[in-house]
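Below is one structure, written out as structure tokens; the observations come after it.
In what follows, chains are A, B, ... by sequence order, proteins preceding strands, each numbered from 1.
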Amino acid sequence: AYCLLTSHIEVTATSRHYVDRLFDPDPQKVLQGVIDMKNAVIGNNKQKANLIVLGAVPRLLYLLQQGSSSSELRAECAVVLGSLAMGTENNIKSLVDCHIIPALLQGRCMLTVCVTPCQDPTVIPHLMSLLSRSQRTQEYITQIFSHCCKTPEHQTVLFNHGAIQNIAPLLISPSYKVRMQALKCFSVLAYENTQVSMTLVNVLVDEELLSQVFVRMMQRDQPIDMQLTAAKCLTYMCRAGAIRTDDSCIVLKTLPCLVRMCSKERLLEERVEGAETLAYLMEPDVELQRIASVTDHLVAMLADYFKYPSSVSAITDIKRLDHDLKHAHELRQAAFKLYASLGSNDEDIRKKITETENMMDRIVSGLSESSVKVRLAAVRCLHSLSRSVQQLRTSFHDHAVWKPLMKLLQNAPDEVLVMASSTLCNLLLEFSPSKEPILESGVIELLCSLTQSDSPALRVNGIWALMNMAFQADQKVKGEIVRALGTEQLFRLLSDPDSNVLMKTLGLLRNLLSTRPHIDQVMSSHGKQIMQAVTLILEGEHSIEVKEQTLCILANIADGNTAKELIMTNDDILQKIKYYMAHSNVKLQLAATFCISNLIWNEEDGSQERQDKLRELGFVDILHKLTQASDPNLCDRAKTAMQQYLA
Amino acid sequence: MDAMAELGAGSLLLGDPAFNYQEAELNERLKRLYPAVNEDETPLPRSWSPKDKYSYIGLSQNNLRVHYKGHGKNHKDAASVRATHPIPAACGIYYFEVKIVSKGLDFLSSLLPLSPIPGWDKHSYGYHGDDGHSFCSSGTGQPYGPTFTTGDVIGCCVNLINNTCFYTKNGISLGVAFTDLPPNLYPTVGLQTPGEIVDANFGQQPFVFDIEDYMSEWRAKIHGMIARFPIGERLGEWQAVLQNMVSTYLVHHGYCATATAFARATETLIQEDQTSIKNRQRIQKLVLAGRVGEAIEATQQLYPGLLEHNPNLLFMLKCRQFVEMVNGTDSEVRCFSVRSPKSQDSYPGSPSLSPRHGATNPNLHSAGADSPTCSNGVTPPNKNKSHNKYPGVSSASSSSSSSPSSVNYSESNSTDSTKSQPHSGTSNQEETSDSEMEIEAEHYTNGVAENPSARIMNGTYKHQEILQAQDISLEDSCASRQLCGGNQAATERMIQFGRELQGLNEQLCREYGKNVTHKKMLQDAFSLLAYSDPWNCPVGQQLDPMQRENICSALNSAILESQNLPKQPPLMLALGQATECVQLMARVRSGSCSFARVDNFLH
């Protein structure tokens, strides 16, 4: 308040006091000094000018950038700087002269300022309001936004502060730098953000739809950086569901633009970004995958990504070699990602990929690269290709991909493990020639340990692989699986909160309980627990699929010689079967009827007694009714069962 | 089917408005896509050729639809048709599309064979729909792209810059199919199965593939190449060359003060001496002011023998003098008017009337006049008609482009150039009153010279403004719109002069033989007298002051030549050479000429 009356000299003296306090050896005092300064400068342009003249800015910047400063102090410093920037044009100029922008970006402190809840919520509005000042501020502030926006929360904060409306007009700024930074800002804002993307599609810039502005920015005579970033924006908007995948701006503009970014003419960095963005764009859409696979020889073009550092560069140019080496990993992982995305659905594309020069060798060596990123991408690619029956039978076996895959499974981060184990599931399918060698390599222990993982995805993959392995396996393998897994773990999985895990575990059980001798053997050793588990599941709240699978297990049990008795002596289970034969769902009726049919089958010992018992329990009446069922399968099944009585 | 083919091949259906509309759209699109192509030399393909086809091929729908009418039993029954013309190299990048209306059983291709009769065995390049293979001068295909079928649109792009070709399917580029293509390829399709029908699009409709975007990339590439062309060690020399270009240009057109200022600033020398420049300037100024008689006198006095050695030039000048008499501006008729002093020496030795009129001129006449009206006998490259009349480089350069000097000029004359709008038509009347007005006129000349910086953008627009202003002034002073200023004695003098002119023509005929141009010139000039209002008659354009610029520049060049100075400034020469080079590139089939056009670089 006294400021109003004091002379100019006195103001300078108090200002000096504020600046002096910033140099106090006690960090607590420094913090208090900064807070006092903050309070002193708010709304006081003269005070701001004084502090700037006295050199407060470099000191504040220093404190801001010091790693030793507390985050509280750094935040306060940033707020003061922001406040100083709210002053006159001259003040801003001084701040910019002090290289404030790079410092802020470097320190990434704006990030903290923007989102730390305790912080002054006015910082972002401050920055927004500065956007109208000059091209320089537009360029820097949009740059700050794109650098700082790292999480969905950041996106929301910026969105709520009107970032879209404020930045959209900058896309047609006369300054290339401003246009570019605004564009980058949008790419960061739209990434995996439905809210932002949905808003963006409706934004008009100078009466033109934003997507059209982006399309213009992708024109081939525009700078590459601009084309690429515009393509990213449209990609993110498309993935967030704001633009349809069959929209011409995606099919005829964005996709071809991204393919061009993968060409040999582009810089290595651009090729990496282009391939990654393209992979992301078409991941969920088979039609885009098909189009991309024929665009500009993309599949062959990607093979070049593996040729760095080239043998030429090593000899001729050490600088080039360094550059190539730096990007080699990035290039390889980007190519693998893109191949993975390309081949995720279409059999023809997978074939095309595996026929690319040395493709399988490259994947195999990629699986054992030191870079986790490359390993992950390589295994993703392998996984994508492993969905092909034909490839599993041919190239996968020829190149013994299971070997590096098994090695990878021994020691890898979870995300790699998920992909690798999922791939292994496919390699363990019964028609896969790799199944045998994998079995011999002692994979069972490893898979069993996966089923104990905290990650549901890993548990699913582990049990899934075991299920595939048990399919039509010999007694030895089945025994090994049961032994290695342990009944305790098996039943724990049957009560797993993840329904996928439950389904695959039931699948495993069903596979274990196939062919008569196996059924009897397993049931004689684990019959009690299995019957308990089955009862529990049939009583519990489970999906139709789970119950169907469970009834199928019962049907298998009913097919055993001795195992049958476990059902026949269990009235509770028989009642449940009866219940499901009259269920409203045909699938469940069918499975239950199948079970009964197995129990009353004529050619087996003791069939007469079982038939009598079941007739007493009223099953014949139900069967009789089911012969009139509208579902032809169910009808047939019931008739076949009835015939057992007539014979 | 035969009937259909006949119909398509035979009639052009000129009466059909829809067809005419399509034709206009086609022409417009082709012009936009291939601006560098001179269709008089190398016509663009517009339809399939009814002559160059197998008999199994039927054509319909203005020769754009192709159907197969053979047996289609084996490969021997395959048939093809090619377009009417090969692809001109000046296209730079050429593109056409084919829509598969109905696919036959197994075979279809889209080919590009060399000029001899179509056939896919020799020198042909194709992409086959049944297997997606590409075929290059041989029977065995290479895996190339996807297969295609009914409803698909297949495009073919020939890049004549790097001699490659790629195909598109439904607007998606499939990547390079062939490299090292030979020149003179024809768009072609081949069919082999009964029932196959394909429709061609040579530009009749918008293309599915964005070919203009592809072109823009190559334009940017080539412009970048030109912009980055190394000039290396000769940097110092380079600057000297540029300065010389600017300086000689200024001197040529007589921008005396500007040239001096420029020479001072750049510490260079001016070849021609000041007096000579000023003399030329004075004469030019007289011509541009419509005082041709005085100009002839001055020329005879300052450059004796010049006109005697150039009887054609003299005749042109005299013809112009006659026209100016009709106009009432020539001093021979003016002297009858009280107000007109013979004010030769009232012209200060400052920058003269500028040939910048010439610069705006092409815009004025772009409506269709084919007279070579440019001040220095040069024409912009796109005005081909006038260009062809002048042999060699001197004619090829673009006067509309001669602006590199303008920046320097405006700097040294910034005060003069502020008043830039008035036009010679008005100033003619004004300047007669007193010397103050002379100074006014001087400002005006600089001002017009200033204009060119903005000329290409809005030349036409400005010009209309000027003309309007002129009309108003003419209507204001009704007297000046009467024949010879409405003076009886002047009219008599004019008639007499006309007889003398007729005599001169006859004399020239005797000495040099008949001259069609002269005869026409004379006829046009005399025709003016046949109308009550010569300014609003079919030949009235002659009275436009703009028409003075051509003769003015011819006289200027003749004077310079007589002084053993170049009759064209080196800047114009260079421009002409560049334009000619680009045209030469088209003739030697260098496709990049399409994107290296000189007018792209003139702003």
Using every non-hydrogen atom in the two residues, find where Gly175(B) and Asp296(A) come nearest and quote the distance to one decimal. N-OD1, 3.1 Å

Euclidean distance, Glu212(B) CD relative to Gln219(A) CD, rounded to 0.5 Å: 10.0 Å

Relative to chain B, which segment of Gln227(A) carries a heavy atom at a distance below 4.5 Å: side chain, backbone, both, or neither? neither

From Asp213(B) atom CG to Arg216(A) atom CZ, the distance as rounded to the nearest 0.5 Å: 12.5 Å

Do other residues, nucleotides or ligands put more than 12 heavy atoms under 6.0 Å from Glu355(A) CD? yes

Name the member of Tyr214(B), Phe166(B), Trp218(B) that forms the most heavy-atom pairs with chain A at distances under 4.5 Å. Tyr214(B)

Using every non-hydrogen atom in the two residues, find where Asp221(A) and Ala220(B) come nearest and quote the distance to one decimal. CB-CB, 3.8 Å

More than 12 foreign heavy atoms under 6.0 Å from CZ of Arg228(B): is that the case here? no

At what distance, to the nearest 0.5 angstrom, does CG of Leu252(A) lie from OG1 of Thr168(B)? 10.0 Å

Around atom CD of Glu25(B), are there more than 12 heavy atoms from other residues, nucleotides or ligands closer than 6.0 Å? yes

Phe209(B) versus chain A, heavy atoms under 4.5 Å apart: side chain, backbone, both or neither? side chain

Which heavy atom of Pro256(A) sits nearest to which heavy atom of Ile172(B), and what is that distance? CG-CD1, 4.2 Å

Please classify the contact between Lys169(B) and chain A as side chain, backbone, both or neither, with a heavy-atom cut-off of under 4.5 Å. neither

Residues Lys221(B), Glu265(A); criterion side-chain contact (heavy atoms from CB on, under 4.5 Å); working and verdict: CA-CA 12 Å; Lys221(B) 262 185 205 173; Glu265(A) 289 169 44; 3.7 Å; yes

Evaluate the side-chain proximity of Asp210(B) to Lys253(A): yes if any heavy-atom separation is below 4.5 Å, no if none is. yes

Counting only heavy atoms from other residues, nucleotides and ligands, does the tally under 6.0 Å from NZ of Lys177(A) exceed 12? no

